[in-house]
Amino acid sequence: MALRRMSRRQLEMLLQHPLVTYGVRIVILYGFSVVFRSFDMSFASTGGSSFFRKQSFSLMFVALGLLIWLTGEGLSRFLQKRMTKKRFPYSVVLPCLGLVLFGVFAAFLFGLTYSFYDIYFFNNYEAWKSFSRLSYDLIFGAFIFYLLILSFNGLLFYYKNWQEARLNAERLKRENMQARYDVLKSQIDPHFFFNSLSVLTGLVYQSADLSAEYITQLSKCYRYILDQKEENLVPVHTELSFLESYLFLIRIRHQSSIRFHMDTPSEKQRAALLPPSALQMLVENAVKHNRFAVNAPLDISIRFTDQYVIVSNDLRKRNGIRFSTGVGLSNIRKRYELITGATVDIKETCDHFTVQLPLLPEALKEQFNQ
């Protein structure tokens with residue numbers, strides 16, 4: 001049950017722990033020792049000492065096997081390091097040849113160690129007789145076990161390298177995505193701020209109180225942009241607080257020429273996520289690209305569904321549009337694409353313009369704002 005609750009990353013970290021790694025190797029080597037014993041007929045003729053001899057042989061096999069295993073790993077790393085500048089096929093053939101020669105040495109080392117062990121502890125010369133005449137069964141059998149261990153270790157090595165390559169690729173992709181996203185966010189900061197300064201200049205001569213409130217709301221807007229500069233996603237309720245301050249600036253600037261209609265979102269909708277300043281940019285886009293007047297006001301509405309926030313406005317395109325910095329709809333669409341690949345739905349009719357922004361789940365904030 002505990003393993004089922006572990007994430008894949010936690011399970012991989014557990015399997016890479018040194019105690020687990022050595023535990024698995026000991027089990028594998030002990031299994032090999034049991035198989036090797038089954039082919040050695042001398043274990044069947046040791047009488048009452050058979051059990052003790054079998055277990056002591058397995059202990060010797062495991063100890064020597066761990067030594068050979070670790071030495072083989074060190075030799076493999078050394079050869080790979082030395083062969084990095086070699087061309088193919090030398091970069092592959094030479095390390096493999098080196099490991100095979102080491103395997104032959106390990107097989108002879110095992111035969112010699114087994115012989116001395118059997119003579120010293122059990123006064124048994126069968127292993128020595130086989131080793132002294134270079135018995136095919138003893139030397140080749142030990143070499144085969146070495147190759148099996150080498151193959152198993154190779155599989156683990158290449159799996160680990162594949163995992164590291166995959167993680168590095170994901171990390172590089174995330175860093176590249178973040179860099180592109182930061183470029184898009186950097187376009188937002190001055191976008192509406194400078195447009196508001198000209199309004200403030202005229203307002204200070206009309207009403208000191210209104211000017212003070214205008215400055216307060218303007219500072220809230222810019223503080224929001226600064227506070228959210230490091231964030232890729234913000235809750236809807238945070239974005240709406242910013243939008244209220246921004247709408248105050250719009251009302252002061254354009255008076256009754258623009259009318260806003262906004263639904264009250266549910267708690268679930270308020271907790272959903274949006275890219276910072278997305279709603280403000282859509283409102284600004286509507287004001288910038290449409291004609292309006294006191295006797296023909298521009299209606300802008302913001303509605304919420306379970307999956308979208310829908311911003312719509314009357315469509316009365318200006319004949320001549322002033323200079324644009326290039327941010328707006330394109331910026332928002334690219335930010336959604338970089339975050340989740342979600343599509344921003346844009347619909348245009350003869351008299352209405354509508355944009356549907358996907359509401360993103362709360363869980364995405366921890367994942368993307370890392």
Side-chain angles (χ1 to χ4, degrees), residues 2-3 11-80 95-161 163:
L3 287 176
L11 184 60
E12 289 176 354
M13 291 178 65
L14 175 63
L15 293 177
Q16 292 174 5
H17 193 278
L19 291 177
V20 177
T21 300
Y22 280 101
V24 171
R25 292 181 179 184
I26 289 172
V27 171
I28 292 173
L29 289 170
Y30 184 82
F32 282 165
S33 73
V34 173
V35 175
F36 194 94
R37 286 190 331 232
S38 66
F39 289 96
D40 190 341
M41 301 307 297
S42 65
F43 284 98
S45 59
T46 52
S49 62
S50 176
F51 177 79
F52 176 72
R53 182 168 178 257
K54 288 178 180 178
Q55 299 309 315
S56 60
F57 169 81
S58 293
L59 180 62
M60 182 273 297
F61 190 98
V62 169
L64 185 61
L66 283 175
L67 177 63
I68 293 173
W69 200 327
L70 293 175
T71 306
E73 282 185 339
L75 178 62
S76 177
R77 287 193 293 269
F78 173 77
L79 291 174
Q80 284 185 339
C96 290
L97 181 61
L99 290 174
V100 169
L101 292 176
F102 175 73
V104 174
F105 166 77
F108 276 91
L109 177 64
F110 168 77
L112 185 61
T113 305
Y114 178 29
S115 300
F116 286 162
Y117 149 83
D118 229 14
I119 293 173
Y120 184 82
F121 288 101
F122 300 99
N123 197 31
N124 191 323
Y125 287 82
E126 292 297 325
W128 173 253
K129 291 177 182 178
S130 297
F131 176 75
S132 61
R133 64 174 181 265
L134 299 179
S135 171
Y136 174 84
D137 292 338
L138 179 63
I139 303 300
F140 184 73
F143 182 70
I144 290 298
F145 280 117
Y146 166 79
L147 290 182
L148 290 174
I149 292 174
L150 186 65
S151 299
F152 177 79
N153 195 66
L155 289 175
L156 292 180
F157 175 78
Y158 284 111
Y159 174 75
K160 183 179 179 181
N161 282 355
Q163 285 287 84

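Values below: every heavy atom of this structure, side chains too, minus hydrogens, waters and symmetry copies. Just so you know, residue 1 is the first one in the sequence shown, and it goes up from there. Nothing here was measured: the structure is a model prediction, and the numbers come from that model.
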Distance-only donor-acceptor pairs under 3.5 Å for side chains of residues 57-67, two or more places apart:
| residue | atom | partner | partner atom | Å |
| --- | --- | --- | --- | --- |
| S58 | OG | S33 | OG | 2.9 |
| S58 | OG | R37 | NH1 | 2.4 |
| S58 | OG | K54 | O | 3.2 |

Non-neighbouring partners of Y22 that pass side chain to side chain donor-acceptor pair (under 3.5 Å), sequence neighbours left out:
none
F121: which residues meet the ring pair (Phe, Tyr, Trp, His ring centres under 6.0 Å) condition with it, sequence neighbours left out?
Y117
Please list all pairs meeting salt bridge (charged side-chain N to carboxylate O under 4.0 Å, His left out) that have one or both residues in residues 109-120, counting only residues at least two apart or in different chains.
R53-D118
Among residues at least two apart in sequence or on other chains, which ones pass side chain to side chain donor-acceptor pair (under 3.5 Å) with T71?
none
Any salt bridge (charged side-chain N to carboxylate O under 4.0 Å, His left out) involving residues 105-115? Give me the pairs, sequence neighbours left out, ordered by first then second residue.
none
For F116, what residues pass the side-chain contact (heavy atoms from CB on, under 4.5 Å) criterion, not counting sequence neighbours?
L112, W128
Just jot down the side-chain contact (heavy atoms from CB on, under 4.5 Å) partners of V27, sequence neighbours excluded, or say none.
none
Applied to residues 98-116, the salt bridge (charged side-chain N to carboxylate O under 4.0 Å, His left out) test, sequence neighbours excluded, yields none
Would you list the pairs meeting salt bridge (charged side-chain N to carboxylate O under 4.0 Å, His left out) in which at least one residue belongs to residues 101-113, sequence neighbours left out?
none
With sequence neighbours left out, what residues match T113 under side chain to side chain donor-acceptor pair (under 3.5 Å)?
none
